[in-house]
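The structure under discussion appears below in the form of structure tokens.
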Amino acid sequence: MKRISAEFLGTLLITMAVIGSGIMASFLTKDVLLQLLVNMFSTVAALYVAIVIFMQKSGANFNPLVSILKWMDGKLVGREVLEDVIAQL
């Protein structure tokens, strides 16, 4: 349960950072390049924080494709992949 919660919360944190920084950047300036730069730095920072916080609990996949690829590589079991994908969506 801790692993599923970690995947859900990490995915939620990253999603909120991407959406929130996009909205914030649009109010900050009309310069599209600066908006993309703000969004990029916010996303990278949120991803770093999420990985550091949740790596020990879940492996910090945060993406269904990453979970599926880990399953194909033999690092995750079928049930874990299904749980991860549901938590990440």
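In this chain, residues are counted from 1 in sequence order.
- In terms of heavy-atom proximity, F54 sits nearest to L9 at CZ-CB, 3.7 Å.
- For M55, the CE atom is loosely surrounded, since the number of other residues' heavy atoms within 6.0 Å does not exceed 12.
- Smallest separation of non-hydrogen atoms from L13 and A46: CD2-O, 4.0 Å.
- A donor-acceptor contact shorter than 3.5 Å is absent between the side chain of D73 and the backbone of K75.
- F8 and I86 sit in two unconnected hydrophobic clusters of ILVMFWY residues. Membership requires side-chain heavy atoms under 4.5 Å apart, directly or through other members.
- Contact detail for K57 and A6: the closest heavy-atom pair is CB-CB, 4.0 Å.
- Between the CG atom in L82 and the CG atom in L76 there is a gap of 12.0 Å [rounded to 0.5 Å].
- Rounded to the nearest 0.5 Å, atoms OH (Y48) and CD1 (I14) are 14.0 Å apart.
- With sequence neighbours excluded, the residues that form a side chain to side chain donor-acceptor pair (under 3.5 Å) with Q88 are E7, S67.
- A salt bridge does not link D84 with K70: every distance from a Lys NZ or Arg NE/NH1/NH2 to an Asp or Glu carboxylate oxygen is 4.0 Å or more.
- How far CD1 of I53 is from OG of S58: 11.0 Å, rounded to the nearest 0.5 Å.
- How far CD of Q56 is from CZ of R3: 14.5 Å, rounded to the nearest 0.5 Å.
- Follow the hydrophobic side-chain contacts under 4.5 Å out from I68 and you reach L89 in the same cluster.
- Looking at every heavy atom in both residues, V81 comes nearest to W71 through CG2-CB, 3.0 Å.
- Both L65 and V85 belong to a common hydrophobic cluster when Ile, Leu, Val, Met, Phe, Trp and Tyr are linked at side-chain heavy-atom distances under 4.5 angstrom.
- M16 and I51 fall within a single hydrophobic cluster, where Ile, Leu, Val, Met, Phe, Trp and Tyr side chains are chained together by heavy-atom contacts under 4.5 Å.
- Every side chain to side chain donor-acceptor pair (under 3.5 Å) that S21 has, sequence neighbours left out, goes to N39.
- Under a hydrophobic clustering in which Ile, Leu, Val, Met, Phe, Trp and Tyr are joined whenever their side-chain heavy atoms come within less than 4.5 Å, directly or via other members, V49 and L47 fall into the same cluster.
- No side-chain donor-acceptor contact under 3.5 Å links N61 to the backbone of N63.
- Under the 4.5 Å side-chain criterion, counting only non-hydrogen atoms from C-beta, M24 is in contact with V38.
- The closest side-chain heavy-atom distance from V77 to E80 is below 4.5 Å.
- Think of I19 as one node in a network of Ile, Leu, Val, Met, Phe, Trp and Tyr side chains linked at under 4.5 Å; its network also takes in I23, F27.
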